[in-house]
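Shown next, in structure tokens, is the structure this report addresses.
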2 protein chains.
Amino acid sequence: MKAERRRITTRELAQDLGVSRATIDRALNGRGRISEETRERIARRAQELGYRPNLIARSLAMTTSARIIAIVPKQPASFFQSILEGIRDAAENYADHPFSVEIRHTSKHDLTEQREIIRRLDGTTCNGLILVPAHSRALNSEIDRLAGEGVMVICVNSDAPESRRTTFIGQDFIRAGRLAAELLGKLARGQGRVLSLGGFPDIWAHTQRTLGFVRELEEHYPEIEILHGPFCDDDPQRAYEAVRGAIDSAPPDRPIAGVYISTGAGSWGVARALRENQPRKIHFVGFDVLPENVKYLRSGTIDAVVEQEPYRQGYDAVEQLHRHFIERKTEHAEYVLTGLDVILRNSIPELPEHGTDQQF
Amino acid sequence: MKAERRRITTRELAQDLGVSRATIDRALNGRGRISEETRERIARRAQELGYRPNLIARSLAMTTSARIIAIVPKQPASFFQSILEGIRDAAENYADHPFSVEIRHTSKHDLTEQREIIRRLDGTTCNGLILVPAHSRALNSEIDRLAGEGVMVICVNSDAPESRRTTFIGQDFIRAGRLAAELLGKLARGQGRVLSLGGFPDIWAHTQRTLGFVRELEEHYPEIEILHGPFCDDDPQRAYEAVRGAIDSAPPDRPIAGVYISTGAGSWGVARALRENQPRKIHFVGFDVLPENVKYLRSGTIDAVVEQEPYRQGYDAVEQLHRHFIERKTEHAEYVLTGLDVILRNSIPELPEHGTDQQF
DNA sequence: CTGAAAGCGCTTACAG
DNA sequence: CTGAAAGCGCTTACAG
């Protein structure tokens, strides 16, 4: 890049020190028997001469491969497809390296099924695990067992924050909720009643977003009254009913001015209820660029969604594992924050290729 | 990744066909003398057996290196720093490949200086060029000359659309303008007068954004009246004065409800004028996450900026060149669209590390 | 027009 | 505890 001199090789380093290249390898990569004295001498000299291994040569020479397993739900396809593509593209990118990514599917985003797969894994069958945890706590013991066996576990999209997973890759959920509140507050001009709906009570992403949402309104839009609605899991139908109920039972002099829900699939349930409530305009900020949500964004029923870049989450997870196993980086950020994008109608270029999951 | 069988090598392919590996290489990589007949036979068989070269082995073996030159302005640092970091990080990522990226700085984003550097380049000194064109047309003949000599030219951040550059990496400017209009229209609830200010008349990014802005308002917010203001180049002071003038001369019964400007540096000039106009709230959507704009986002004077992911633009430019020279991909998208993000106060995690350029 | 052989910078049995 | 040598899958002079 800069006018840096050609990098030094193990051969030159070996010659300089009067030892063999095999010894260099043992010293620098901690393999097998070597006297502490020579190890240290070699390490120091390598440092002095600025030795850095040629990673592609290493990759070409290595005989054993790091085995990564990624557990990804099949449904809802419109959401997990993007994470999957990110994982696949990154894996293909590293296809020539001693590094393989195998994908295991669960039928849906379900704790029991996910736990079954993880139970059968151990430190001899894989070196790394990519996971979208279906529960914020219930997988901790399995994750911790794997971590104890030397498996590097990465949580993607949602987190198991108290487990021994190495890294979480995804949204800063608190800020995501705050962002939705900020926009909703602006659109409502800081006035009126806003209905706040929950997702799953046991999914970290959902609870944290609502926390951020409420905090932001309280701090910056004190005149907005928050109407706390029920958890709707990730179920559009329940979200639909909750919104209908709130609209119908609101006193005429204090109507609903805005709606919030902390989940992507719930968002289009909310949107359907609001569409039926035309022509009264109720502001609504949801989550995730799902095909159903895009439809309502186009028609104006959804003002905006906050997006989390699922493709990049998948891609970055593989990259992080590559950095660990191939580049042998030892430091790993606990949080890799991706995607906190406000998506409006004009943010969407065209319909995503994959179809929708259901006829809702 | 999947349970794909081990990839076939040149050695096996050669054995299968009863030729040498050198011949395989000549056939597949179009090097030197080879009879059309054997070339075709080898190509067909390679296809049948699904041969794909091991790219890291290739990189390790190659003796000549692709030379990439990137021309990046030093000022304004707060903006170009990010592009530069993207370029540097990507280049470092490929440090072991026969692929070098050299950065040449201009002092500011200036046509004359930029053209001087390009004039001294040719097909023997470099293979690829990364450029943030300082003019939408005036560099065309130099770009075309380089393209004619086999240099792959990539425009980043702004475009020279009628030149023979291979790819433009950056925003869809029309949509960026539309997005700003959509948000401003929503915030103003489709009512009132909106002042639209220009940037440089010769920078593609600026003119196209304003085009998109005007179209969106006309199509979706027909009741908004557009007040067409002057070009302010990229000068905060001129933007400041234009806004002051418009506010002062607006008739009391038809005040300014919103402001738009198509440039990032202009945005903080607008914001300063609006801050002085407190407490009347005038909506404002600008461009780019510059430190000065972040300040006004925090205080609420700027409602939002539309962001273009400069880091990624730099990174992707290097990656595209790598794909061409190392992976030898022959197809290249003419447009790689990055960053069309709406940034609100809560989108910003913390102040960027680098300082500001001037005391404005 | 084609092939045999050396080499890129590492890792890894194998021998001592 | 240490070294000599083969090998990863390509490219590239060199020879024919």
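Just the heavy atoms: all of them, side chains too, but no hydrogens, waters or symmetry mates, feed the values below.
Comment: Lys329(B) does not engage Glu331(B) in a salt bridge, judged by the lack of any side-chain N to carboxylate O separation of less than 4.0 angstrom. Ionic pairing of Glu48(B) and Arg45(B) is present here: one or more N-O contacts between side-chain nitrogen and carboxylate oxygen are shorter than 4.0 angstrom. Salt bridge present: Arg39(B) and Glu36(B) bring a charged side-chain N and a carboxylate O closer than 4.0 Å. Under 4.0 Å is where a charged nitrogen must lie from a carboxylate oxygen, and between Arg41(A) and Glu37(A) no such pair does.
Phosphate proximity of dT12(D) to Thr63(B): present, with a side-chain N or O under 4.0 Å from OP1 or OP2. Distances shorter than 4.0 Å separate none of the side-chain N or O atoms of Arg11(A) from OP1 or OP2 on dG9(C). Within the 4.0 Å cut-off from OP1 or OP2 of dG9(C), not a single side-chain nitrogen or oxygen of Thr9(A) is found. Residue Thr23(B) places at least one side-chain N or O closer than 4.0 Å to OP1 or OP2 of dG3(C). Residue Ser20(B) places no side-chain N or O under 4.0 Å from the OP1 or OP2 atom of dT2(C).
Side chain of Val19(A), nearest nucleotide from dG3(D), dC8(D), dG9(C): dG3(D). Listed candidates were dT12(D), dG3(C), dG7(D). Nearest to the side chain of Thr64(B) is dT12(D). If you check dA4(C), dA4(D), dC10(C) against the side chain of Ala22(B), the one that comes closest is dA4(C). Which of dT12(C), dT12(D), dG9(C) sits closest to the side chain of Asp25(A) comes down to dT12(C).
Separating the CG atom of Leu28(B) from the C1' atom of dT12(D) is a distance of 16 Å, rounded to the nearest angstrom. Separating the CD atom of Gln15(B) from the P atom of dG3(C) is a distance of 13 Å, rounded to the nearest angstrom. The nearest whole Å value for the distance from the CG atom in Leu60(B) to the P atom in dC10(C) is 9 Å. Rounded to a whole Å, the CG atom of Leu55(B) is 18 Å from the P atom of dC8(D). Atoms CZ (Arg52(B)) and C1' (dG9(D)) sit 14 Å apart, rounded to a whole Å. Rounding to whole angstrom units, CZ of residue Phe99(A) and C1' of dC8(D) are separated by 19 Å. Rounded to a whole Å, the CG atom of Leu17(B) is 12 Å from the P atom of dT2(C). Atom CD in Glu12(A) sits roughly 13 Å away from atom C1' in dC8(C) (whole-Å rounding).
Within the nucleic acid shown, Asn54(B) comes within 4.0 Å of sugar-phosphate atoms alone, with no base atom in reach, counting heavy atoms only. Residue Thr38(B) is classed as a sugar-phosphate contact, given heavy-atom separations below 4.0 Å to backbone atoms only. Residue-level contact check: Asn29(A) touches the backbone only, with heavy atoms under 4.0 Å from sugar-phosphate atoms and none from bases.
Annotation: of the two residues near DNA chain C, Gly18(B) and Ala61(B), the 5′-most nearest-nucleotide partner is Gly18(B).
A donor atom on one side chain and an acceptor atom on the other are found under 3.5 Å apart for Asn29(B) and Asp25(B).
Outside the 6.0 Å centre-distance limit, the rings of His109(A) and Phe79(A) are not counted as a close aromatic pair.
Using N1 to N3 plus N6-O4 or O6-N4 for Watson-Crick, or N1-O2 and O6-N3 for G-U wobble, each under 3.5 Å, dA13(C) pairs with nothing.
The base of dG9(C) has none of its N or O atoms less than 3.5 Å from a complementary donor or acceptor on the side chain of Arg7(A). One N or O donor and one acceptor, one from the side chain of Arg26(A) and one from the base of dG3(D), sit under 3.5 Å apart.
Between Thr9(B) and Asn54(B), every side-chain heavy-atom pair lies at or beyond the 4.5 Å cut-off.
Looking at residues 42-51 of chain A, you'll see Tyr51(A) sit with a heavy atom under 4.0 Å from some atom of DNA chain C.
Tyr335(A) and Phe168(A) have perpendicular rings, their planes meeting at more than 60° on a 0 to 90° scale where under 30° would count as parallel.
Gln47(A) CD: 12 or fewer foreign heavy atoms inside a 6.0 Å radius.
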